[in-house]
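Single-structure report; data block below.
Quick note: numbers below take in every heavy atom, side chains included, and nothing from hydrogens, waters or symmetry partners. Predicted model, so just to flag it, every value in this text is computed and none were measured. The chains referred to below are lettered A, B, ... by the order of the sequence lines, with proteins before strands, and numbering in each begins at 1.
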Amino acid sequence: MTTTDASGEEGFTEHFEALLAADERIEPRDWMPDGYRRMVLRQVAQHAHSEIIGMQPEGAWLTRAPSLHRKASLLAKVQDEAGHGLYLYSAAETLGVSRAELLDALHGGTQRYAATFNHPALTWADTGAIAWLTDGAAVVNQVPLCHTSYGPYARAMRRVCQEEAFHVRQGYDVLWSLCRGTPEQQEMAQDAVNRWWLPAVALMFGPPDTTAGGADDRTAAMGAAVSRRSMAWGIKRHTNDELRQRFVDNCVPQAERLGVTLPDPAIRWNEERGHYDFGPIDWRLFREALADNSQCARQRLAHRVAAHEDGAWVREAVDAYAAGRYEEGQSA
Amino acid sequence: MSERTARVQTPWEVFIRPRRGLSHQHVGSVHGADADMALANARDLYTRRGESVSIWVVRSDAVRASSPSEKDPLFSNAADKPYRYPEHYVALNEGGSHDG
């Protein structure tokens, strides 16, 4: 093994690139390029924020769950989302940023969360559709992230993935019951699937980064540039469009078994490709639709900020108690 | 434990023994103003499905770690010592592979 010159950035870069080339993980105290640190931090922070904002649409149904069993399982699911947020904040902190700074960035709007959660959960069936579709999409994204190049992020993802399987199944189970219920219940399930399908397909996987999803060359090229950088660093392992296809392939047979229709008339099996074809996402139209949800987005953030501010006295009391105990210890 | 006072956002490293017979393994970190709070938070965060028989929490600033920049000199002691491995020696049996 050759020793690189550790005094200049040159040697550090070589060592970093050599670790990636050997498919080794980058660990917190390793030297890493600023761009890498920023890209990982941005992704982990956005992921963490999405987890805790994602508690809101389903959390709103906790008090209105149709049975004690459904309430217990939904509560466990929403608690998991909080837990996932915390695993990820813990991973983000290893990059030299504090939890307080991350929350400030979320509250101040300088860091984003998945816009999927800016859709309202209108009926009980939405809790099922959210868990089946958006958590299902999250699993497709997260399974490859268990091998992402940043060690703490990969380890957090492995914990998340173990729990996410329960989320998808319990959501599917909610819809399963509704689909075997009264015509009104069946209609409610179909309506929720209609509203959550596109947010899952479009927003959970991000913008197109190949022309496969029907994007024009320019849009695809823009997405591809970001994906290429992320993939070269081993942060992402697959293109957005590849993962989107995998998600559609998972969902179609599940929807058939459930007895709901996915709201995309273009979905059909393509023997030649060995995949389901699906309609191109009209991103311009979709962005306009998102703007209609800006009211919901404001509510989500306001709710989060209020929860944080309402908890300020608890944090202050804990600090005061800890300081008091410390002084007692000093004088004893 | 560190001499300094902890605050609600003081980070603690969490180690979990997943089941008897295994050693504690690092799983991540939590915040807490003291060890009890860190322990309670670690229980809520890392053992929601009973995948633990014991938890340790250690203040993050109490961990003394080797510096990655010292990597080569610090671990060089173990390099180039083939005589520490069984393969360095004559095999006990004909096949040579399963002779312990």
Side-chain angles (χ1 to χ4, degrees), chain A residues 1-4 6-7 11-12 15-16 19 26-32 76-77 79-80 82-94 98-103 151-153 155-156 158-159 162-163 166 311-312 314-330, chain B residues 1-16 18 25-52 55 57-61 63-81:
Chain A
M1 189 177 147
T2 55
T3 351
T4 49
S7 61
F12 283 127
H15 183 61
F16 173 82
L19 286 175
I26 306 300
E27 294 297 343
R29 286 157 58 87
D30 285 329
W31 181 90
M32 60 190 90
K77 198 239 171 195
Q79 279 177 334
D80 277 352
H84 297 176
L86 292 173
Y87 300 150
L88 287 158
Y89 283 126
S90 162
E93 283 175 303
T94 65
S98 75
R99 184 92 43 106
E101 289 170 306
L102 292 165
L103 290 177
Y153 188 27
R155 292 190 284 276
R158 283 199 283 278
R159 297 194 78 85
Q162 284 168 6
E163 299 175 346
F166 143 66
V314 179
R315 292 189 293 276
E316 283 160 21
V318 169
D319 281 347
Y321 177 73
R325 287 235 310 201
Y326 175 72
E327 272 162 33
E328 270 170 42
Q330 292 291 91
Chain B
M1 193 181 295
S2 167
E3 312 275 304
R4 283 178 291 134
T5 175
R7 294 171 60 83
V8 72
Q9 295 211 335
T10 297
W12 299 69
E13 300 304 315
V14 181
F15 299 81
I16 283 182
Q25 289 160 5
H26 183 247
V27 291
S29 64
V30 291
H31 287 182
D34 60 25
D36 289 338
M37 185 184 278
L39 207 52
N41 287 344
R43 186 207 62 173
D44 289 348
L45 184 55
Y46 291 102
T47 69
R48 283 193 302 283
R49 287 174 177 79
E51 54 275 81
S52 167
I55 307 176
V57 289
V58 179
R59 255 180 84 149
S60 302
D61 61 7
V63 174
R64 174 84 169 182
S66 63
S67 158
S69 59
E70 291 167 6
K71 190 178 181 295
D72 285 347
L74 186 67
F75 298 109
S76 62
N77 192 36
D80 301 323
K81 290 192 173 68

Starting from the C-alpha separation in whole Å, work towards a yes-or-no answer on side-chain contact (heavy atoms from CB on, under 4.5 Å) for E163(A) and R48(B). CA-CA 10 Å; E163(A) 299 175 346; R48(B) 283 193 302 283; 2.9 Å; yes

Non-hydrogen side-chain atoms of E93(A) and H31(B) separated by less than 4.5 Å: yes

Using a 3.5 Å distance criterion without hydrogens, assess whether the side chain of [X] forms a donor-acceptor pair with backbone atoms of [Y].
X       : Y      : value
D319(A) : R7(B)  : no
R99(A)  : P11(B) : no
Y87(A)  : L45(B) : yes

Under 4.5 Å from a heavy atom of chain B, the part of A100(A) involved: both

Examine whether an atom of R155(A) lies under 4.5 Å from a heavy atom of chain B, and if so say whether it belongs to the side chain, the backbone or both; otherwise answer neither. neither

Proximity breakdown for A6(B) and chain A, heavy-atom pairs closer than 4.5 Å: backbone

What option among S60(B), S29(B), G28(B) has the most heavy-atom pairs under 4.5 Å with chain A? S29(B)

For R159(A) and Y46(B), work out which heavy atoms get closest and say how close. NH2-O, 3.2 Å

